[in-house]
Each structure stands twice: as C-alpha cells, then as structure tokens.
Amino acid sequence: MFLASARKLRSFGIIGMNQRNFGLISKYNPRHLYPLVDDKLKTKLLAQKAGITVPKLLGTLDYQHDVRKLGEILAAYNQFVIKPVQGSGGKGILVISERDHNLYFKPSGDMISLEEIERHVSNILSGLHSLGGKPDSVMIESLIQLDPVFSDYSYEGIPDLRVIVLKGYPIMAMLRLTTHASDGKANLHQGAVGVGIDMGTGAALHAVQFGEPVQHHPDTRKTFAELVVPHWEKLLPLAAACYEMTGLGYLGVDIVLDRDLGPMIIELNARPGLSIQVANCAGLAPRVTVIEALKNIDPDPASRADFSKNNFSTNLRTPLLRQERTRSSDL
Ligand SMILES: Nc1ncnc2c1ncn2[C@@H]1O[C@H](COP(=O)(O)OP(=O)(O)O)[C@@H](O)[C@H]1O
Ligand SMILES: [Mg+2]
C-alpha cells in the first residue's frame with residue numbers, strides 16, 4: 001500500500017523524506033546555524049533581540065543538584081510550562097494550569113505532586129527527552145493564555161500555527177489544535193489535530209488527526225468549516241521575518257496567540273516535518289518551485305508575506321469536506 005501510494009503522492013507534488021533532507025534542509029540550512037534553533041533558550045534570546053514577543057522565562061535548571069531548588073522556584077507561580085531545552089515533538093513538556101499548595105494540575109484536571117514534577121525534571125536533565133539522549137537543561141516559562149477565538153477549537157491546551165518559510169517566503173501553514181489525547185500540547189504525534197490553512201485568508205481547508213481526515217474537533221465537536229485564523233495579516237510577516245532572524249532558508253516557525261500579549265514565537269525548527277502536506281491536502285513541491293524561480297529575495301518580510309498570499313492561496317473551502325485517505329506515516 002505504501003509503495004503504491006508513494007508515486008501517487010509525488011504526482012500531487014508531495015515532498016518525501018529524501019527530498020526534504022537533501023533538496024531543502026542540507027541545501028538551505030547551514031549546519032553551524034542549527035544550534036540557534038535546536039536550543040529553545042537560544043531561540044528565545046534571538047527572538048527577544050529581534051523585538052519579537054516570546055513566553056516569559058521563569059527559571060532554568062542545569063544540573064541534578066538543582067532539582068531541590070524546584071519547589072522554591074515554582075512556589076511563586078500557579079501556572080507554568082516545563083520544557084526540555086533541546087526537546088522536540090512535545091516530548092517532556094509538562095503544562096501546569098492550576099496549583100493548590102503542593103498539588104499541581106494539568107489542563108486535563110489530572111493532579112501531579114511536586115515530587116512527581118521533580119522526577120520529571122530530573123529525567124529531562126538526564127536526557128530522556130533530548131535529541132540523541134544527551135544531558136539537557138530544563139526551562140520553565142509562563143503559561144500562554146488561550147485567545148477566546150480558539151476556545152471552540154482547542155481543548156485543554158494552546159494551539160500553535162506552524163508556518164513553513166522558504167528563503168524568507170511563507171509557503172504553507174497548518175494550525176495544530178490540542179485535544180484531550182494530546183495532553184496540553186499541540187504536537188501531531190501527541191494526538192493534536194492538524195488543520196491546513198489557506199495562505200491567502202487564514203481559513204481552514206482540511207483537517208487530520210493521527211493522519212486521518214476529521215471534520216470537527218474530537219472533543220468540542222465544533223466543525224472546522226468556520227475556522228479562520230485571526231490576525232492573519234500580522235502572522236505571515238512575523239513568520240517571514242524569522243528568515244532574517246536566523247539565516248535559515250528552510251524553517252518551521254511555530255507561532256501562538258496569547259489572549260493578552262498577542263502573537264508570539266514559541267519555537268523554530270530547522271527540520272520541520274512533512275505532515276503539514278497531509279493537513280493541507282497539498283504538496284510543498286510546486287510552491288518550492290515558485291520560490292526557487294525567483295531571481296531576487298525581497299528584503300521586506302511584509303512584501304514577501306504579500307507575495308505568498310497572492311501566490312499560494314488555494315481559495316477552496318470544499319476540500320474540508322473531501323475524504324482524502326492519505327496517512328501522514330506514509331510521508
Ligand atoms: N508557554 C506555553 N504555554 C502553554 N502551552 C505551551 C507553552 N509552550 C508550549 N506549549 C504547548 O506545547 C506544545 C509544544 O511546545 P514547543 O515549545 O513547540 O515544543 P516542541 O519542540 O516539543 O514542539 C505547543 O504547541 C503548545 O501547545
Ligand atoms: Mg513545537
């Protein structure tokens with residue numbers, strides 16, 4: 001089934017692993033720049049320097065003997081997120097949205113004790129969730145507050161918008177919505193829903209969970225047909241500006257909307273995944289061709305965002321209703 005569909009997928013302009021690794025990542029991302037985005041603390045500093053809002057850093061822990069300081073650091077906060085500095089795919093991220101003395105609560109309502117959080121932090125430090133199992137650091141940051149526009153679409157967590165940016169031009173976007181299954185994290189492998197987004201308008205095109213098409217949010221039951229990402233005018237230039245910020249030519253930019261603080265960058269990725277194509281029911285290849293044919297890169301992120309709006313808009317709301325049997329694991 002996989003081999004039979006691989007050729008068909010290519011004919012849709014779907015890019016596969018090989019093409020991504022050699023035709024995009026190695027070609028456009030100089031290796032020495034990886035550390036800027038593989039380390040979430042470095043990315044935070046970089047974004048702040050560029051004047052881009054990021055979730056506030058509440059604390060960091062680097063060594064096992066720091067674990068005993070955790071209770072003291074956390075005592076000042078009722079809400080926070082604990083992350084491995086070099087993690088990915090939502091692994092090791094612990095979202096705490098409520099506290100009652102030494103008892104902490106996840107967005108699902110599940111309770112977790114300080115001792116359990118200490119164990120979790122200790123596991124992160126020993127490299128359980130980091131790339132290649134290397135010892136890692138822990139960062140604690142402020143909890144992003146859900147923008148009410150997403151309240152019908154996001155369950156027990158904060159959605160994020162993934163934008164693929166090639167040579168500074170946003171070429172494809174996907175909104176990832178948390179579900180009960182994804183445990184407060186908007187990562188597809190954790191069970192989040194991926195919604196393909198029209199580049200021209202910010203409107204939903206098509207949605208998948210665990211690689212299968214879905215028509216409405218599995219927990220809230222709200223249909224995706226009416227979903228439009230707000231502040232689209234602002235979000236695309238923000239994503240485009242991450243090109244100048246990092247120097248990376250092929251980039252996955254993760255943006256969240258905070259109710260009070262507006263758009264923020266939470267993460268940048270030098271090796272963005274390919275399932276964005278499944279969520280969009282469209283391949284990256286034709287858009288890559290358009291960008292690679294450009295003689296000059298416009299130095300203004302806002303103009304580049306306009307270019308993308310005009311060139312990569314699908315203007316089709318109907319695909320949402322189409323059942324496309326493409327599994328993300330095939331990509
Ligand atoms: N500060 C935060 N507040 C609320 N939710 C967050 C926060 N940081 C991350 N999350 C949730 O966790 C998900 C994964 O976080 P991210 O920083 O992108 O790490 P990863 O590299 O593992 O994907 C986000 O998509 C979001 O849903
Ligand atoms: Mg992420």
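Read the numbers this way: they start at 1 and go in the same order the structure lists the ligands and their atoms.
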In this structure, does ligand 1 have an atom that sits under 4.0 Å from one of the heavy atoms of [X]?
| X | answer |
| --- | --- |
| Gly184 | yes |
| Ala192 | no |
| Gly157 | no |
| Arg176 | no |

Could you tell me whether atom 10 (N) of ligand 1 has a protein heavy atom closer than 4.0 Å? no
Can you tell me the protein heavy atom closest to atom 27 (O) of ligand 1 and the distance? Ile158 O, 2.7 Å
In the protein, which heavy atom is nearest to atom 23 (O) of ligand 1, and how far is it? Asn187 ND2, 2.9 Å
Would Leu57 end up clustered with Ile140 when hydrophobic side chains under 4.5 Å apart are linked, directly or stepwise? no
State, to 0.1 Å, how close Ser130 and Asp136 come at their nearest heavy-atom pair, and which atoms those are. CB-OD2, 3.5 Å
Do you know which two heavy atoms are closest between Tyr28 and Tyr250, and how far apart they sit? CB-N, 3.8 Å
Indicate, as side chain, backbone, both or neither, the part of [X] found under 4.0 angstrom from ligand 1 when only non-hydrogen atoms are considered.
| X | result |
| --- | --- |
| Glu267 | side chain |
| Asp160 | side chain |
| Leu143 | both |

Between Arg176 and Ala192, is there a donor-acceptor pair closer than 3.5 Å when you use the side chain of the first and the backbone of the second? no
For the pair Gln277 (side chain) and Gly283 (backbone), establish whether a donor and an acceptor sit closer than 3.5 Å, ignoring hydrogens and angles. no
Roughly how far, to the nearest 0.5 Å, is OG1 of Thr53 from CD of Gln48? 9.5 Å
Does Ser137 reach the side chain of Thr60, with side-chain heavy atoms less than 4.5 Å apart? no
The Mg ion (ligand 2) to nearest N/O/S of Glu267 below 2.8 Å: yes
Polar contacts were defined as any N/O atom of the residue lying under 3.5 Å from an N/O atom of the ligand; does this apply to Pro55 and ligand 1? no
Min N/O separation Glu141 to ligand 1 under 3.5 Å: yes
